[in-house]
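The next block holds one structure in the form of structure tokens; read it before the comments.
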Protein chains: 2
Amino acid sequence: MGLAWLVDPAAGRLHTDYRRPVPKQAYDCRRNLQGLGHNSGDGDLTHKCRFPGSGSNFTKIQAQRENIWTGLTDFEAASVLSWLFERSDLNLATINDARGWDNTMSELIELMVPNKTDSLKFINHGGKAPPRYAHVVINHRATAQPYFADILVGPLPIVNQTTQWLPLEYPYTRKAQGRVRNVNPDEHLIRNKWLLNISTSVADITLDLWNATALGLANDSISILGIDPLSQENDRVTRWDQFWNNPIGEFDDASLLPLGLYVHSDVTGRDPTKWKVLGWLYNNVFYPTTDSFRNAFYSSGFEKLKANIDGVWAHTDQRGKVLPHDRSYPPVSVAPSGSRFAVDVKQKWVEWMDFTFYIGFSRDTGIALHDIRYKGQRILYELGLQEALAHYAGNDPVQSMTAYLDTYSGFGPHAFGLVKGYDCPAYATYLNSTFYQNETTHTHTHSICLFEYDADNFMQRHSSYTDVSVTKNVYFTVRSVSTVGNYDYMFSYSFYMDGSIRVDVRASGYIQSAYYAHNEDFGYQIHDALSGSMHDHVLNIKADFDILGLNNTIQLTHQVPTTQTFAWSNQTRNTMKLKYSHIENENESRFNWDANSATQVKVINMDEMTPYGEYRGYRILPSAGTIHLTVENSTNLRNAAQWANYDIQVTRHHDTEPRSAHSKNSQDVEDPPINFDEFFNGENLTQQDLVVWLNLGMHHIPHTGDLPNTVFTTAHSGVVFMPLNYLLSDPSRETVNMARVNYEHGNVSSVVTFGQEDNQYA
Amino acid sequence: MGLAWLVDPAAGRLHTDYRRPVPKQAYDCRRNLQGLGHNSGDGDLTHKCRFPGSGSNFTKIQAQRENIWTGLTDFEAASVLSWLFERSDLNLATINDARGWDNTMSELIELMVPNKTDSLKFINHGGKAPPRYAHVVINHRATAQPYFADILVGPLPIVNQTTQWLPLEYPYTRKAQGRVRNVNPDEHLIRNKWLLNISTSVADITLDLWNATALGLANDSISILGIDPLSQENDRVTRWDQFWNNPIGEFDDASLLPLGLYVHSDVTGRDPTKWKVLGWLYNNVFYPTTDSFRNAFYSSGFEKLKANIDGVWAHTDQRGKVLPHDRSYPPVSVAPSGSRFAVDVKQKWVEWMDFTFYIGFSRDTGIALHDIRYKGQRILYELGLQEALAHYAGNDPVQSMTAYLDTYSGFGPHAFGLVKGYDCPAYATYLNSTFYQNETTHTHTHSICLFEYDADNFMQRHSSYTDVSVTKNVYFTVRSVSTVGNYDYMFSYSFYMDGSIRVDVRASGYIQSAYYAHNEDFGYQIHDALSGSMHDHVLNIKADFDILGLNNTIQLTHQVPTTQTFAWSNQTRNTMKLKYSHIENENESRFNWDANSATQVKVINMDEMTPYGEYRGYRILPSAGTIHLTVENSTNLRNAAQWANYDIQVTRHHDTEPRSAHSKNSQDVEDPPINFDEFFNGENLTQQDLVVWLNLGMHHIPHTGDLPNTVFTTAHSGVVFMPLNYLLSDPSRETVNMARVNYEHGNVSSVVTFGQEDNQYA
């Protein structure tokens, strides 16, 4: 994402079902929490603007247990907010009243995800639900050293005598009372004054180059914006910004319009009078002052480069001759019998075939799945995104110094309503999501979808002399799409009849491009003066496996060439064999997928064997390309994304290590709230409660085919968890969606359909 | 595949459309070519039993040109056969009359694929079609040194004065007049006498062990069969065979019932009196003679192992409790507007959107695509399977010495009719395929399908403040499924709106298992006495690229970490950059996919640049896991499958190197007809006509989830070719299957659907 391209999730549309009329209130489900005291008696307001999901033909059930992983009620959130405003020690100002030096509640109030240790008592043994706490982030700006503070408020409900707030420190590796500096507290000032002052100071030059100025006026046709995170080197906070053309039409294509003029400024501290311009870059020449840049600009022989200008090339609409038959409607998936799954909409608990799970949702990471069970046994305690990195590189400072950590913006608030029939099948069941922002709870309707789909390929098949047996591959998917700035990330969690679970990330949207000048080593030239700036997307997924209990081991099965003799031959043979090993401890638990896929990675339970003596388990493997970060020891990131350096990383579960990243890690890259490296301290990993941290992602060297938008072909990464010696046979034999066609003398003699419903469409 | 498990493609059913009645003759479309002389006046018989394809609503068009890559007419095949029988020098006997020492026409008559050099004049410049020759394989058994002979007969039509036959040698690296020994000429004798004699000689033991005998009687309940290829070491031809339980029901699950008793015999030469038993293996103990085995067997303390016995566990039918909702019909794809593509059924020429191509079909490799054009420009001259290897390993000799090369059996004859709604959507268009076997032309109806499908994910998407734009991902697939013995291979060639082409192989069917005894280093134990014998599937694909002409280059773009300074900073930065290289010659043109996907592999044309100075090209990359062979310098294969050793191999195109493998390579593994290594002789590969040989495949260590059949999760391998700086922007912008939803104040203000047909299903 890019700062400039971030859509305010609370503004604009919240809902995209254009085919079916939906009541007005679905679009605009905001509840200002101010004024809703805990004694207001207003109860849970959610029912007033939540919808149960549009695919209303699914079976409604009641979850066995409360979903303990998501959601404060409006009443809870309002009472927490109200209680906090009464705490004079916090010195809070309301958003409406706040100025640059006020503490605000801009950031977060949401349910604190309970510790696994506490949850297990509840979900395994039916004990009491863990106490509810609100996780709150306060934006402390009434100080020369501004900071964000993670705190807990609770236990809920608020009762003035017993409720307290306390610094939230235990889930973070940095022990600093849950505080992390706010490296950009005066962003508003910088955007609206500091950068405009700079652009105004060179208005003569921008007019000359592009016939445009950035003066802070409504008709400005250029903008100035730059790196994220801000540079934090040598105890200085500095920024590099670039001039960009503004889109001229209705398209969101600003990220394709760089102009190739860069300015460096030091914005350390909160006194703007001490901020200063440190230099300019144009055509790969650095000028240490504005004067020296201006002198060069007006000297003879100064080369003026061409601009990137908005146009149809940058727009996503249909264009070109319509292809043969394309106006006819293409194949489409339909659900003749309606939905074949059950949902508890309130608890977001889902049952499909032999799988059940809860859907969680949070500001930082959007959807996550909890307590995933298969045939009644938990496979995963938690499965979900941790962080998404987009690390750029270039010969210009804006590209070189950009490494977005997207949970700073949050995947939750940017999970907008889905477009039916495009993002998900029209027949899908759609659920809503809720997030907190600026004292207000917002609901995005239809931002999560659930659907079954028939893959275009079979699950099983065999032909013989006398018959052919073939089974459909019908799977179930939970999906959301988050648009974080220029990129749209689609997250799909899919479940299969063979017991497999798959996580897929696909990306589309506008690339963040670079101005093309002397940077052929950092991307292809893709338009007039445009480089498809190279970058790595790396997305960290937490997979907290519990295979038949908490105590698991990572077993590796290596397939290796061998030269050896056998009992039946005295000649050596060149052949292959298996070697087994397991990950002993956290000193050896960070590794990559093996060359030639030669090593199987499995989560097994050594205390649970098949009758044949094999450890029961699940195998983990990539199902679509995955990567780890190319950059080694990134100057931009320092210690802020150490999770990105390997494909697979395994740790022993601790309540103190619930997340691999903190959404504010970008604020102090040298000493971030969570330094993932610190999770690895040699602990034994044999028959322990294990967490597997997996990286999805893709290298992206944008080419002309990424204009105007990135398409699916390579922007897809996935991982699959599949039963391996987990059951005694393939569970897909349970489905009736198979056929056996019998033959005699070349004729069909009979067809067995196993009681499946006859289908008018097939 | 396994010898025992090979379905005779000419026997049994040919057609699997059980829902729609099809005229009787569709099932049994065999035309005995004997007696059809070239003067019979019978013309082309094909119309009498071919069907134009069942999805009859596609647009019928005429190909611009004749399909020169597939199919003799019945008249041509019959006249060639008749002409050959008149050649006394060939000394041919008819199949019906032939005995073990007669030369026969059992193997092949099909169209000789023309040389690319000759074809180009025709397809590029509208010149005359290349002359037609029949490719014939004669099974010479009337000799002590039996051999298969590839010959050409032609030019067609047969005219006695000018027609000649000549040895076919030029496409093979071994210069031996197109001859390769028949290493198993007396297979019938071995199966029906030699092995039965052996099993009869130990009938007392098999009765004792399994209460069963193999005496060649109808009620035999065990079989004896073994390795492929036969061992060819030290100038001896030897075989290892194993006893197997026969299935007791109607399922084809023999490959799951090994019994763990192995016998070694020398079957060198054609004099059965000189064949001899070389020893026995049981429970990993080798006995050099039958007597020594018997003595041990009857001595005290001899451990008798348990048998693998057929049962429900080995059957593919539905079993177990039916899951919730599973009797309701699952989602299914439908085609509301019918087919949106055009086909010339006779020429097998297909047009979908901006793609056109011809479908070829051959005995050895089944379907292949030819002259694939995109927007009128050829991308690939040829795309198709070359060979499929299944290399096993084990501590027993049958597993250890098995390395099936499946074109020996042929993918063409084993491409049976597809099951509508299961193998392909019910609305697909189905085409027929034809192959020669034993003087007879056979047609398998509905063995190729063509269909469009809507992926469950979008092709493009972007959300902004004011709108969301999203495009469907509708693709087009050509598919066939070949059941070669125990395995069913699904081949899919798919085309996408972004200009990409994808090749996917999926496998299902019964695993070939091993008896479980002392072989934990070669597979998991998965049933009573059963090991899921480890094996590698490697499938070689030929991709003869012609990017904007014949002269192409392989460019590699490496993404590498770097530490460097920039014009705008005097401090070094840890970041990343690109390095470019290209494959100079055939000394460096065999390589593997890079670790961490760090290298892009592209076929570019250095004479064709974008206006921005980038080479136009296509990128090649894996889209689902691919492998090369684990075994190094395989003792089983020697020089017979040297194509299996790397992921990617690039050669300069020669008419003399059309195939990477010969279907009879298994007959002489030391000196096979085609030794792929010999393609690599240092030739320059810069701006030359290039062929890229790619390996798909998967390691397979079967586990309990492979019982009864292998399912899709890991048995999938794919590669995609995608435009990279080939066009100036993403061509998927041409489709109308997109929507733009505009918002104002949180409400949908308008929806743009670009003229797409309104759809009742969406």
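Treat the numbers as computed from the prediction; the structure is a model and nothing was measured. Within every chain, numbering begins at 1; the chains are lettered A, B, ... in the order of the sequence lines, protein sequences first and strands thereafter.
Under the salt bridge (charged side-chain N to carboxylate O under 4.0 Å, His left out) criterion, Glu632(B) pairs with no residue, sequence neighbours left out. With sequence neighbours left out, Asp354(A) forms a side-chain contact (heavy atoms from CB on, under 4.5 Å) with Tyr374(A), Lys375(A), Glu734(A), Leu323(B).
Taking 4.5 Å as the limit, every side-chain heavy atom of Asn457(B) sits out of range of all side-chain heavy atoms of Ser492(A). The closest side-chain heavy-atom distance from Asp317(A) to Phe754(B) is below 4.5 Å. Asp423(A) places a side-chain heavy atom less than 4.5 Å from the side chain of Val470(B). Using a 4.5 Å heavy-atom cutoff, the side chains of Glu250(A) and Arg740(B) are in contact.
Using a 4.5 Å cut-off between heavy atoms, Arg319(B) contacts chain A through both its backbone and its side chain. Residue Thr557(A) touches chain B through its side chain alone, counting heavy-atom pairs closer than 4.5 Å. Only the backbone of Val560(A) has a heavy atom closer than 4.5 Å to any heavy atom of chain B. Neither the backbone nor the side chain of Pro622(A) comes within contact range of chain B; no heavy atom of the residue lies under 4.5 Å from a heavy atom of that chain. For His264(A), no part lies under 4.5 angstrom from a heavy atom of chain B. Asn737(A) touches chain B through backbone and side chain together, each having a heavy atom under 4.5 Å away. The part of Tyr496(A) that comes within reach of chain B is its side chain, from C-beta onward, which places non-hydrogen atoms under 4.5 angstrom from that chain. Interface residue Met722(A): only side-chain heavy atoms are found under 4.5 Å from chain B. Heavy-atom distances place no part of Trp313(A) under 4.5 Å from chain B, backbone and side chain included. With a threshold of 4.5 angstrom between heavy atoms, Asp706(A) does not approach chain B through any atom at all. Heavy atoms of Phe458(A) lying under 4.5 Å from chain B belong to its backbone as well as its side chain. Contacts of Val711(A) with chain B are made by both backbone and side-chain atoms, with heavy-atom separations under 4.5 Å.
Screening Thr471(A), Asp498(A), Thr735(A) against Gln460(A) for a side chain to side chain donor-acceptor pair (under 3.5 Å) leaves a single residue, Thr471(A).
Interface check for chain A: of the options Met738(B), Gln600(B), Gln559(B), Lys579(B), the most heavy-atom pairs under 4.5 Å are formed by Gln559(B). The candidate from Gly320(A), Ser597(A), Gly279(A), Gly499(A) with the greatest count of non-hydrogen atom pairs under 4.5 Å with chain B is Ser597(A). Contact tally against chain A (heavy-atom pairs below 4.5 Å) for Val285(B), Ile627(B), Thr316(B): the top residue is Thr316(B). Ranking Asp454(B), Thr575(B), Leu707(B), Thr630(B) against chain A, the residue ahead of the rest is Thr630(B), based on heavy-atom pairs under 4.5 Å.
Side-chain contact of Asp396(A) with Tyr262(A): a donor-acceptor pair under 3.5 Å is present, judged by distance alone. Judged purely by distance below 3.5 Å, without hydrogens or angles, the side chains of Asn725(B) and His703(A) never pair a donor atom with an acceptor atom.
Summarising the geometry of Glu452(A) relative to Tyr427(A), their closest heavy-atom pair is O-OH, 2.6 Å, with the distance given to 0.1 Å.
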